[in-house]
K.L.:
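My questions will all concern the structure given below.
Computed from heavy atoms alone, side chains included, the values below leave out hydrogens, waters and symmetry copies.
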Amino acid sequence: MDGTKQLVTEAILDNLEIPACSPPWKSPTVVKVADLGCAVGPTTFSQVQIIVDAVELKCRKAGGLLMNSQVPEFQVFFNDQTSNDFNTLFASLPPNRRYHAAGVPGSFHSRLFPNSSLHIVYSFAALHWLSAMPKEMEDRSSPAWKKGRIYHLNAADEFIEAYSSQHQQDMARFLEARSQEVVEGGLMILFFPGRPDGALPSQFISNVLLYLLGSCLLDMANEGKVSQEKVDSFNLPMYIMSSGELKDAIDRNGCFSLLKFESLFDLAGSHPRSTAKERALQVRSVMEGLIKEHFGDEILEELFDSYPKKFEQEDSLIQSMKTTLFFAVLRRKTSD
């Protein structure tokens with residue numbers, strides 16, 4: 001978290017170009033921030049506080065906080081899918097927060113806010129979610145049909161290409177929507193799982209963890225505890241993009257400048273056997289809602305009891321895996 005705080009703070013101090021942080025100041029100024037894919041916290045609250053602190057520091061450095069009346073007000077929009085538990089989110093809002101909070105349900109692959117209304121867009125570990133499964137996945141006559149797979153690890157080229165094509169469409173929609181919503185000089189600060197150019201999906205721990213979940217489901221289908229049809233129709237609309245795919249999408253959109261791009265960590269051999277149960281809990285926290293919706297409650301305990309065992313059986317595979325998190329700062333270009 002400390003590393004994230006430094007990156008976000010530096011991004012705002014060095015790159016944010018909005019009237020709220022430039023003289024002459026109008027009192028009061030409202031800085032509008034959106035967290036896309038916020039989930040239910042507490043990570044979202046700590047990250048939002050970092051953003052608020054950084055904007056105030058930028059104004060202070062510029063001489064803008066000479067009087068209390070000149071302190072910017074903050075409006076923070078917490079966005080996630082309509083299925084997100086917004087009741088839990090808002091019940092746990094920090095009581096001493098220095099911002100006004102609002103929820104905005106809906107997909108970030110489409111418009112969510114009025115034109116030129118946002119100064120900072122933030123997203124942490126959400127851009128790998130697709131808006132929908134590729135259509136080819138459901139076509140039994142297609143070479144890309146997903147029979148027996150819930151994820152695209154070691155899949156046929158047609159399978160991976162279908163996911164890549166869907167991701168390209170989604171990123172185009174994401175950037176087009178944000179290009180209309182973010183003010184000129186405003187920022188997008190993005191953290192997301194990624195892979196270096198040329199790296200295979202099978203080399204990354206996040207993909208392997210989902211592959212192991214699918215393997216557990218197939219075992220249960222073979223034992224007659226869940227139908228094969230249910231497994232075949234279970235979809236995980238995720239895609240881990242490469243650095244090149246992000247840069248290509250930004251270039252095609254043309255409305256943002258990529259100010260900073262970093263691979264924060266690229267770790268191999270850092271997944272010891274002792275973390276098997278912890279990994280199962282992590283996967284469950286992300287996937288339980290989807291699994292419950294598709295299969296019902298009945299299989300949850302047995303599924304996640306078997307997951308650590310599967311994890312340990314694949315110890316040599318896990319030890320060779322990598323984990324990569326990308327960090328990108330984009331600024332909305334000004335009109336010519």
K.L.:
Say whether, by atom type as modelled, one donor and one acceptor occur between the side chain of R252 and the main chain of A172 under 3.5 angstrom.
P.N.:
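Not a single qualifying donor-acceptor pair exists.
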
K.L.:
Under the rule for side chain to side chain contact (heavy atoms under 4.5 Å, CB included), what residues qualify as partners of L258, not counting sequence neighbours?
P.N.:
K247, I250, F261, A328, L330

K.L.:
Whether the side chain of S107 engages the backbone of H109 through a donor-acceptor N/O pair (distance < 3.5 Å, no angle test) should be reported.
P.N.:
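Looks like yes, one N/O pair under 3.5 Å.
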
K.L.:
How would you list, by chain and number, every residue that makes a side chain to side chain contact (heavy atoms under 4.5 Å, CB included) with S165, sequence neighbours excluded?
P.N.:
Q169

K.L.:
If you compare all heavy atoms of L93 against all heavy atoms of A101, which two are closest, and at what distance to 0.1 Å?
P.N.:
CD1-CB, 4.0 Å

K.L.:
Name all residues meeting the salt bridge (Lys or Arg N to Asp or Glu O under 4.0 Å) criterion together with E302; count only those two or more places apart in sequence or in a different chain, and write none if there are none.
P.N.:
K225

K.L.:
Tell me, which pairs form a salt bridge (charged side-chain N to carboxylate O under 4.0 Å, His left out) where one or both residues lie in residues 205-221, sequence neighbours left out?
P.N.:
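Sorted result for residues 205-221: D219-K310.
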
K.L.:
Is the side chain of D35 donor-acceptor paired with the backbone N or O of F78 at a distance under 3.5 Å, no angle test?
P.N.:
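Here the side-chain-to-backbone pair does not exist.
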
K.L.:
Identify the heavy atoms of L112 and P105 that sit nearest to each other, and give their distance.
P.N.:
CD2-O, 4.2 Å

K.L.:
May I ask you to test the K277-L281 pair for a side-chain heavy-atom distance under 4.5 Å?
P.N.:
no

K.L.:
Partners of K292 by salt bridge (Lys or Arg N to Asp or Glu O under 4.0 Å), sequence neighbours excluded?
P.N.:
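Salt bridge (Lys or Arg N to Asp or Glu O under 4.0 Å) list for K292, sorted by chain: E288.
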
K.L.:
Mind checking side chain to side chain donor-acceptor pair (under 3.5 Å) for N84 and listing every partner two or more places apart, or none if nothing turns up?
P.N.:
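For N84, no residue satisfies side chain to side chain donor-acceptor pair (under 3.5 Å) once neighbours in sequence are set aside.
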
K.L.:
Please walk me through it: do E73 and K32 pass salt bridge (Lys or Arg N to Asp or Glu O under 4.0 Å)?
P.N.:
CA-CA 9 Å; E73 289 190 282; K32 296 181 180 180; over 6 Å; no

K.L.:
So does S179 get a backbone contact from the side chain of R332, meaning a donor-acceptor N/O pair under 3.5 Å?
P.N.:
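Confirmed, R332 side chain pairs with S179 backbone.
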
K.L.:
Whether the side chain of S215 engages the backbone of Y211 through a donor-acceptor N/O pair (distance < 3.5 Å, no angle test) should be reported.
P.N.:
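No, S215 side chain to Y211 backbone: no donor-acceptor pair under 3.5 Å.
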
K.L.:
Taking only residues two or more places apart in sequence or in another chain, which ones pass ring-ring contact (aromatic ring centres under 6.0 Å, His included) with F327?
P.N.:
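If we apply the ring-ring contact (aromatic ring centres under 6.0 Å, His included) test to F327, skipping adjacent residues, the hits are F191.
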
K.L.:
When you measure from the side chain of H119 to the backbone of V183, do you find a donor-acceptor pair of N or O atoms at a distance under 3.5 Å?
P.N.:
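The answer is no, because no donor-acceptor pair under 3.5 Å joins these two groups.
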
K.L.:
Quick one: list whatever passes ring-ring contact (aromatic ring centres under 6.0 Å, His included) with F74, sequence neighbours left out.
P.N.:
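ring-ring contact (aromatic ring centres under 6.0 Å, His included) list for F74, sorted by chain: empty.
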
K.L.:
Return the minimal non-hydrogen interatomic distance between Q75 and A102, and the atom names on each side.
P.N.:
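What the structure gives for the nearest pair is NE2-CB, 3.8 Å.
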
K.L.:
Taking everything shown except K309 itself, do over 12 heavy atoms lie less than 6.0 Å from its NZ?
P.N.:
no

K.L.:
In chain order, what residues pass the salt bridge (Lys or Arg N to Asp or Glu O under 4.0 Å) check against E293, with sequence neighbours excluded?
P.N.:
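E293 satisfies salt bridge (Lys or Arg N to Asp or Glu O under 4.0 Å) with no other residue.
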
K.L.:
Does any part of the side chain of Q166, heavy atoms only, come nearer than 4.5 Å to the side chain of S131, both counted from C-beta?
P.N.:
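Contact flag for S131/Q166 side chains = yes.
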
K.L.:
Mind jotting down which residue pairs meet the salt bridge (charged side-chain N to carboxylate O under 4.0 Å, His left out) criterion with at least one end in residues 83-105? Sequence neighbours excluded, please.
P.N.:
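Listed by first then second residue: D53-R98, E56-R98.
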
K.L.:
For residues G186 and L16, report the shortest heavy-atom separation together with the two atoms involved.
P.N.:
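Nearest heavy atoms, G186 then L16: CA-CD1, 4.3 Å.
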
K.L.:
Report the residues that fulfil ring-ring contact (aromatic ring centres under 6.0 Å, His included) with F295, sequence neighbours left out, ordered by chain and then residue number.
P.N.:
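Residues passing ring-ring contact (aromatic ring centres under 6.0 Å, His included) with F295: F234.
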
K.L.:
If you take the centroid of each ring, where Trp contributes its six-membered ring, are Y99 and F77 closer together than 6.0 Å?
P.N.:
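No, ring centres 6.0 Å or more apart.
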
K.L.:
Between NZ of K260 and CG of D14, what distance do you get to the nearest 0.5 Å?
P.N.:
7.5 Å

K.L.:
Hey, what's the ring geometry for Y122 with F124, parallel, tilted or perpendicular (30° and 60° as the breaks)?
P.N.:
parallel

K.L.:
If you take all heavy atoms of A11 and I189, which pair is closest and at what distance?
P.N.:
CB-CD1, 4.3 Å

K.L.:
Is a donor on one side and an acceptor on the other found under 3.5 Å between the side chain of T9 and the backbone of Q6?
P.N.:
no

K.L.:
According to the salt bridge (charged side-chain N to carboxylate O under 4.0 Å, His left out) rule, which pairs have a member within residues 173-182, sequence neighbours left out?
P.N.:
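For residues 173-182: R111-E181, D170-R173, R178-E181.
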
